[in-house]
Amino acid sequence: MTKRARIAIGVAVVFVALGYLVFTGISRSATYYVTVSELRAKGAAMVDRPVRVTGKLDGSSVKWDSSQILLTFDLSDGQNRMTATYHGVKPDGMDDGRDIVVEGKLDQKGAFEVKNILVKCPSKYESKPATGG
Amino acid sequence: MAELGSAAIIIGLIVAVYSVIALAIGAAADNPRVVGSGRGGVLATVLATSTASLSLLYLLVKGDFSVAYVADYSSLTLPWFYRISAFWAGQAGSLLLWLWLLSIYAAVVGSARSAKEPSRALLAPRVAAILQSISVFFFILLIAVAKPFAKGATVPTDGAGLNPLLENPGMVIHPVATYLGYVGFAVPFAFAVAALTLGSRPGAAAARAAWVKLTRKWTLSAWLFLSIGILTGMQWAYVELGWGGYWAWDPVENASLIPWLTGTALIHSVMMQERKGLFKFWNLSLVTVTFLLTIFGTYLTRSDVLSSVHAFGDRQMGYYFLGFLLLTVVFSVALVAARRREMVDDRPVEAYISKETSFLANNVLLAGTAFVVFWGTIFPVITRNLFGREVAVGPDFYNRLSPPLGLAIVVLAGLCPLLAWRRASLKSFRDNFLVPLVAALAFIGVALILRLRPVGAILAFAGGLFVAVTVVLEFVKGTAVRVRSHGENPLAAFIRLTTRNRRRHGGYLVHLAVAAIIIGITGSSASSIYKAEATQTLTPGQSLTVAGYTVTFKQLQMREAPNHPGVVQVYADTTVAKGGRQLGNLEPMKLFYPNREEPGTDVAILGGLGRDVYVILAGWDENTGAASLKVMVNPLVAWIWVGGYLLIFGAVFALWPQARGVEVAEYEALRRRAVGRARTGAGAAAATAPFGGDGR
């Protein structure tokens, strides 16, 4: 076998290893990305699975309980609504009508427990994941 | 002013198109008069882009709110330098900035006509033509999609102003640096492609061999600016966004990291071509991919193709970008296919353990990492189009993959510079790496005895230590040799040693910086070491202890922001103590802006090399005066910034022009070699080149 071929094999081995890591990495950390209505439509199938939900914030629903460090708010996509609860600090930029992405899980009772809030801003590059989770 | 700006953009498009045609025809026909006319077109383009940019800046500073862009991003209360930074706060302005920079680069590159450098003179018109065709694309975007001078439907009395989050010094530097980096990679790409279009005219072979050397400073400075862009972005995220981290694997962050990774691979692999005539095809691919990734990065930030939290823009913009990317790919692939015989390496790689193979490994890993990040970033798009369902990968994906890749890259950063060319002997290996290896293993041993966890973090620290010891040892040995042989005092010896070969020692400093950055990243992300956080609502006088640091809340206060009239700050007056010793005061706050509903948050950080105490004011109860504070103790974050500054210093050190005498000797030798190789078609002369001493 030539040196060139052996080096090529070495490179190939690295790439196969990388491919394996990518594959297993994706299968472990993949989360569905859905709208509020899609989440409702799936219903029980989505319970207790990591999922990202996107929707518009209803500004009047935002409640912050400082004694419990608990934030609750409603997201809607025009057809359906859902209430989300978050044990953490309220991020900046939670204005009425703002696009919000929440990462978390739906529980048996249909409440959504948020692990991470991402506030989207449609016109300016700015917001960011609000908290590490 | 707005009319002037719009007109400048349209005139700019016309002269840019003209210059592409004139330069291409002039270069193909070797007609200096036509080339000269095309060059005039390049200068006219700069005039047009400068007029448009200065018009926009003038409108922003003056606050002419009849222009929609000004009304969106400037305001009467904004300090003047933030009004300037509003230039690149939005889509149209930042694309105009891209174009402005690119047209300036084209003019600088295209102006080369020195008889001393025939290769540069031969390539210059073609390079300028390629850069100008990229400019044409941006002109079209500014005319068709993102119009910076469009009038608004109504004229507001005051503008919306900059988003408060962008009112940070880092946000003035970050976009400009990132763009300087992005745009800069267009230059080596244009050179590489231009070299392939030369055919068999006189001097073509020498020019093909020379593109790497001619673009070294461009590539390195593009990389430097991109590094500065990423670092300032991280710092901004850390101090401004208030979630306690600096990197979230957000698509837009990834968009800057991916070309940085391939660019890092590029600045290494071009050395193989410059000195050994190796990796020619690979380098061309890499420079093309890096350029495509900078366009892709701009596209990601300018379209909503990925649901990034920062992404903005519209679909239409995306189609333009996709079209341009496709066109570039087709053009590059066709050119490479037609000219593949010009990219045969001068010689094979000789031994398994050599500088050549370590550079190969470095490139495989960097390109592999870039691919992993790229794949993770576009995964939602792929699943949406293939399976009709969006599936995203979270930070877990990257956090699983990046530690092993990062560790391997760091270990190579220690090995690569000191391995010998062609074949490393066991003795040289022992001389260079015995001490660093023992140091790293000793560290691992002690850590295991102390039962420090996690093991991955220990390995990463050991990797960083290995690199640091290797580099420091190299500096010490080199200085000692000079002290002995020249009888110089150690400081003078050290300065002469490093300035005599800026390129090599600048590179060492960058590697040392990478070691520091890896230590910082590991320390601050490997959670179980001593990172900790707690959130609690405190009444005045109460305190909260996190990882040994006691944060005491004294009271809630209110004042007008000292540097920003009209903005009200509500802050928690707190003190930080450890073991009974006062360390300082912190004022985490919320800011209330006159024309915004929601307040902004400003975190307070008590920084140090060992850890940062990071406090966020989450909210308060007006009745009781209690404040909710989130306190985080983030270890070793400062190492990232210190490493970042060292990286910038090292890269500038390497870029700084070499003192005359030394430079001439080295460059002459290189040039002889390049010419010799081009003439003989083989790199036989290369083995005797003085740079062979680089690895001893």
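Chain A forms the most heavy-atom pairs under 4.5 Å with one residue out of B:Asp396, B:Leu405, B:Val372, B:Val391, and that residue is B:Val391. Between chain A and the residues B:Gly619, B:Ala618, B:Ala408, B:Ala392, the most heavy-atom pairs under 4.5 angstrom are made by B:Ala392. Among A:Thr24, A:Asp96, A:Val51, the residue with the largest count of heavy-atom pairs under 4.5 Å with chain B is A:Thr24.
With a threshold of 4.5 angstrom between heavy atoms, B:Thr624 does not approach chain A through any atom at all. The part of B:Gln536 that comes within reach of chain A is its backbone (N, CA, C, O), which places non-hydrogen atoms under 4.5 angstrom from that chain. Contacts between A:Val34 and chain B at a heavy-atom distance below 4.5 Å involve the side chain alone, from C-beta outward. Proximity to chain A (any heavy atom under 4.5 Å) is restricted, for B:Leu360, to the side chain, taken from C-beta onward. Both the backbone and the side chain of A:Val22 come within contact range of chain B, with heavy atoms under 4.5 Å apart. Residue A:Phe15 touches chain B through its side chain alone, counting heavy-atom pairs closer than 4.5 Å. The contact between A:Leu21 and chain B is made by backbone and side chain atoms together, counting heavy-atom distances below 4.5 Å.
Evaluation of the ring pair (Phe, Tyr, Trp, His ring centres under 6.0 Å) rule for B:Phe359 yields B:His268 as partners, not counting sequence neighbours. With sequence neighbours excluded, the residues that form a side chain to side chain contact (heavy atoms under 4.5 Å, CB included) with B:Thr539 are B:Gln542, B:Ala626.
Defined by atom type and a distance below 3.5 Å, a donor-acceptor pair is present between the side-chain atoms of B:Lys590 and B:Thr601. Between A:Ser37 and A:Asn80, the side chains place a donor N or O and an acceptor N or O closer than 3.5 Å (distance only, hydrogens not considered). Between A:Thr31 and A:Arg49, the side chains place no donor N or O within less than 3.5 Å of an acceptor N or O (distance only, hydrogens not considered).
For B:Glu253 (side chain) and B:Ala248 (main-chain N/O), a donor-acceptor pair under 3.5 Å exists by modelled atom type. Remark: the backbone N or O of B:Gly229 is paired with a side-chain donor or acceptor of B:His174 at under 3.5 angstrom.
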